[in-house]
Amino acid sequence: MFKKILLATFLLFSSLFSDNFDSFEIIPIQEDGRVKPLDTFARNQLLRFYGKRSTGNDISPTNWLFGIAMNNEDMAKIPIFNIRNSEVAHTIGLNWDSSHKYTITEVSSGIQSQLDIFKTIYSKDEENLSLVEKQLAEIYMNVAMYKSLESSLSCLFPTITIDNQKIADAIKVNIGDKVSYFRFIQYLDNMNLLIQSYPINDDKELSPSDSSFFRILADLNKVYESKNSIGLKIIPSSKLNKEKVWLSPWELMDGRRLEVFQLKMLLRLEEYITNQMPESLLLYKEALYSESIDAPSLSVLKKEVWYNKIDLFYKSTALYVFGFIFLCLSYLFRPVLLSRLAGLFLLSGFMLHGIGLYLRMVIMARPPVTTLYESIIFVGFVAVFLSIIIELFKKDRIGILIGTISGVIFHFVSFGYAADGDTLGMLVAVLNSNFWLATHVTTMTMGYGVSIIAGIMGHIYLIYSIIHPDETKKLREIYDNTFGITILALFFTVFGTILGGIWADQSWGRFWGWDPKENGALLICMWQIFMIHLRLTGMVKGAGFCFGMVINIIIVTLAWFGVNLLSVGLHSYGFASGIALNLTLFILFELLLGGGSYYLSKKRSS
Amino acid sequence: MILYISVIHLGWVMGKDRLKKILNTLSSPKIFICTIFWMMVLVVLGTLAQKDLGLYEAQQRYFSCWIAWLGFIPTPGGRTALFVMTFNLMFFMLKPAFWSFKKIGIIITHTGVLLLLLGGGITAWFSTEGNMVIKEGEISNVIIDLFAKELVIIDDGNSEYDQITTISDNILKPGSKIESDLVPFDIEVIDYHINCEPIRRLDVAGPEYKGLAQNFILKRIPNEKETEVNRTGITFKVTGAEDVANGIYSMFLAQQIPQKISSNGKEYTLALRRERTHLPFSLKLDDFKKVMHPGTDVAKSYSSDVVLIDKDLSRPVLIRMNEPLRYMNYTFYQSSFNEGVDVDTSIFAVVKNYGRLFPYISSLTISLGILVHMFLRFPIIFNRRRGK
């Protein structure tokens with residue numbers, strides 16, 4: 001069985017090594033302070049316009065992006081603007097239907113017809129905007145972004161026909177050739193000389209040569225209008241630039257001295273636009289890797305593209321779901337075979353989950369947990385890991401049950417957060433410390449994971465005690481396990497909290513500042529200590545302790561997500577709008593389930 | 001500590017049985033359970049209150065106090081709760097039953113907790129914190145307190161030195177009189193507001209109002225959520241100076257035009273400012289650097305190149321995020337900055353804390369204790385299962 005898993009993993013990985021040099025996907029681009037493959041950039045744009053990280057049809061994100069930049073008309077016909085709010089669609093004169101997707105032409109003409117509304121919105125403070133107005137402003141920004149992408153390579157398009165001998169001589173081409181704006185920039189000195197020395201005679205009518213001269217200048221001016229389309233930052237900066245800011249083709253058109261590799265890259269790109277030959281792209285990459293100082297690692301770029309395409313976390317979710325279904329079936333018939341299969345699904349889901357986490361670490365070169373999104377993924381990982389350990393020791397299917405349930409729940413919560421934007425973002429200065437991220441944050445999130453497992457175990461105890469109140473031995477066993485896991489959880493939460501205090505002491509000069517996130521962590525520790533001491537003094541028995549661990553889940557979620565709603569303090573980094581309702585519903589659900597089963601369990605046992 | 005010893009002494013005097021009884025009561029885990037429950041209530045209330053009150057105010061009201069007022073009901077504050085917890089633990093550790101080898105993990109853990117609580121106490125009572133603000137190219141040895149203010153009377157008549165008399169804000173209360181041999185006039189505080197707003201007078205003020213008070217009244221307004229932005233103001237009466245100078249004055253924090261008062265032919269400058277502490281050494285800021293994530297306006301790191309000057313000794317130091325400078329019990333952290341046209345200003349948080357090492361030791365002890373306990377405890381749990 002194990003061999004099969006190995007084989008499957010190998011097959012998954014083998015696509016990593018296949019050579020996809022001729023595609024655009026791994027062309028590096030800088031966005032939000034990070035150099036990433038074009039594939040990720042394209043997906044981020046899609047997420048912004050479409051709400052998903054794909055185009056919704058067969059076209060790959062990179063092809064879509066390049067299609068736009070090359071002014072491919074088929075791409076412009078793809079309905080890529082997803083307007084979920086019907087009120088917003090009506091405001092800009094669009095018919096809202098169930099699919100509510102629109103093309104760029106529809107949306108931009110809609111905006112053109114209602115320019116006054118947008119002027120009013122932009123004159124307001126951001127805080128005073130209603131939801132519809134905010135969404136309108138967002139659509140306006142998105143259309144602007146789209147338009148900018150459309151013209152971001154226009155300086156390399158061979159759109160200007162040369163029918164003037166003097167200009168042809170100056171930029172060293174033949175009459176009748178079509179050239180790009182970039183060609184003129186390469187011979188900027190010649191052009192300047194030509195323009196300065198050009199005889200201007202007002203009294204005579206324009207000669208044919210004059211008119212072709214001025215037409216070409218007018219054409220140039222027209223192309224120059226899109227000089228601010230600087231979204232595609234695909235060219236590394238010169239060696240003198242210490243900040244490593246990458247540049248877009250348009251930014252290099254200001255007549256500055258280009259580095260050799262920059263010139264080569266632009267020429268190859270221009271070549272590709274004209275002839276669409278894959279060789280040009282190969283030469284483009286060669287130019288980038290031969291001389292540029294901050295060319296990124298090719299293997300990391302490839303890994304990232306692979307990570308984008310494979311959607312590991314969707315696959316692991318599916319495996320966890322299968323595991324859960326098989327486990328449920330195993331209670332009905334063929335318990336041994338089906339529960340083994342369920343365990344296998346859990347294990348393979350766990351492996352994909354782990355590979356996903358590992359790839360994210362490699363891509364970002366930092367520890368696994370840095371954002372709220374990553375904390376959810378990681379807590380899920382820890383929870384599943386612990387469940388597998390429990391199953392290995394106990395072999396009574398409870399481990400598989402906990403593992404599949406927690407795996408599925410955490411994945412689904414994380415998908416909600418992934419839709420908020422790029423999940424591979426850079427960090428602000430305070431958090432930018434790999435040592436503390438690796439110690440404090442990881443320990444703390446492990447504490448969350450173990451605490452939640454203890455809570456699920458508590459649930460199982462309560463429900464089991466309702467169904468089988470007489471099986472005291474089994475109940476005692478679950479109770480003991482819950483207590484053991486609670487002590488493990490206490491170790492992680494206490495150690496993690498104190499490590500956080502030490503980080504704060506190292507960075508800000510105070511060990512403890514009663515900041516909401518700190519208080520949340522403290523509350524988890526205190527609640528666990530409280531429950532453990534209640535048990536020691538005999539004030540609670542099995543059902544009470546397990547109910548306490550259910551409440552501990554609520555405290556963990558409050559400390560984890562709830563404090564971000566307060567939006568005070570140093571830790572409020574998470575994006576939290578809209579989670580208040582979900583959080584309240586979850587807490588009510590837990591209280592009802594936990595409290596109800598506690599009541600019933602007490603009633604049955606008496 | 002004295003209380004602790006005297007309770008034990010009292011028990012000793014009253015006999016062994018009585019001592020046992022007293023110990024049993026004072027070390028009861030029930031006390032701990034009640035206290036930690038109350039502490040949790042306080043933490044929840046104090047955290048929620050931060051939304052309305054701001055961090056500092058909420059901390060003062062619920063945690064760094066002996067009594068926390070819930071509406072008009074006095075309840076034990078965070079300090080009281082932690083104090084009771086510490087005592088309860090200390091008495092618990094006196095019980096012989098606690099010291100059994102089987103419970104070694106528990107013993108280690110509780111020792112760690114005691115260290116953490118004691119360290120917290122030391123930090124709460126003895127630590128000081130403030131800011132040091134230095135422009136590039138300048139030298140400073142002054143720590144500015146974030147919260148405390150002082151009224152200063154500066155005699156700059158001497159060419160060699162300035163004589164500065166400072167009055168701390170805990171005596172600046174309405175009605176208090178300040179008389180000193182160092183200052184030839186007396187001051188009587190009329191009003192002192194933590195946060196106020198100068199309001200232009202509508203009527204013409206009487207002749208007794210001088211300076212700012214001629215045209216403005218300081219109106220008390222609610223405190224800001226961020227304590228640092230409060231504009232503190234004071235109104236006071238000066239007597240015993242020259243006749244023209246006697247009268248009522250108003251001043252507020254960081255006032256642009258200083259207030260001068262003449263007495264005995266000398267001119268004194270008065271100001272209300274943040275409390276200052278002078279260090280026995282200084283720092284010179286050479287360069288402040290800010291590095292951004294390329295192509296964005298998100299900062300990646302901040303750092304300051306400083307020179308530490310102590311008497312004849314001077315050495316270059318780099319202070320940056322997560323890497324502070326420690327020197328003579330003081331620690332300097334890169335906290336904030338102001339970007340100027342030519343020169344930047346770097347702001348360091350400066351902390352003096354004798355309890356600094358406690359969390360480090362106690363965290364190790366606690367974690368070790370829980371680990372030992374787990375290793376001793378888990379086999380018992382699993383054996384019970386196998387034994388069935």
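Numbers restart at 1 for each chain; the letters A, B, ... are given by sequence-line order, proteins then strands.
Heavy atoms of A:Phe511 lying under 4.5 Å from chain B belong exclusively to its side chain. Looking at A:Leu488, the atoms closer than 4.5 Å to chain B (heavy atoms on both sides) sit in the backbone and in the side chain alike. Contacts of B:Ser363 with chain A are made by both backbone and side-chain atoms, with heavy-atom separations under 4.5 Å. Contact annotation for A:Ile502: both backbone and side-chain heavy atoms come within less than 4.5 Å of a heavy atom of chain B. Contacts between B:Ile33 and chain A at a heavy-atom distance below 4.5 Å involve backbone atoms as well as side-chain atoms. Heavy atoms of B:Phe32 lying under 4.5 Å from chain A belong exclusively to its side chain. A:Trp527 touches chain B through backbone and side chain together, each having a heavy atom under 4.5 Å away. Heavy atoms closer than 4.5 Å to chain A are found in both the backbone and the side chain of B:Ser367.
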(message) Walk me through whether B:Ser303 and B:Gln334 qualify under side-chain hydrogen bond (donor to acceptor under 3.5 Å, both in side chains).
(response) CA-CA 7 Å; B:Ser303 64; B:Gln334 183 69 57; over 6 Å; no

(request) Step by step, work out the side-chain hydrogen bond (donor to acceptor under 3.5 Å, both in side chains) result for A:Ser248 and A:Glu251. (result) CA-CA 5 Å; A:Ser248 63; A:Glu251 282 168 293; 3.0 Å; yes

(message) For a side-chain hydrogen bond (donor to acceptor under 3.5 Å, both in side chains) check, start with the C-alpha distance between A:Ser229 and A:Ser152, then their side-chain angles and the critical distance, and finish with the verdict.
(response) CA-CA 5 Å; A:Ser229 306; A:Ser152 52; over 6 Å; no

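Figure legend: A:Arg535 and A:Phe483 shown as a cation-pi pair, the cationic atom lying under 6.0 angstrom from the six-membered ring centre and within 45 degrees of its axis. Judged by a 6.0 Å distance limit and a 45° cone about the ring axis, B:Arg61 is not positioned over the six-membered ring of B:Trp66. With B:Tyr333 as the aromatic partner, B:Arg320 does not meet the cation-pi criteria of under 6.0 angstrom to the ring centre and within 45 degrees of the ring axis.
Ring orientation note: the planes of B:Tyr302 and B:Phe337 are tilted relative to one another, at an angle of 30° to 60°.
Interface check for chain B: of the options A:Leu522, A:Asp505, A:Leu558, the most heavy-atom pairs under 4.5 Å are formed by A:Asp505. Note: B:Pro324 leads B:Pro324, B:Gly119, B:Pro29 in heavy-atom pairs under 4.5 Å with chain A. Among A:Thr537, A:Leu247, A:Leu523, the residue making the largest number of heavy-atom pairs under 4.5 Å with chain B is A:Leu523.
The CG atom of A:Leu583 lies 10.0 Å from the CD1 atom of A:Ile554; values are rounded to the nearest 0.5 Å.
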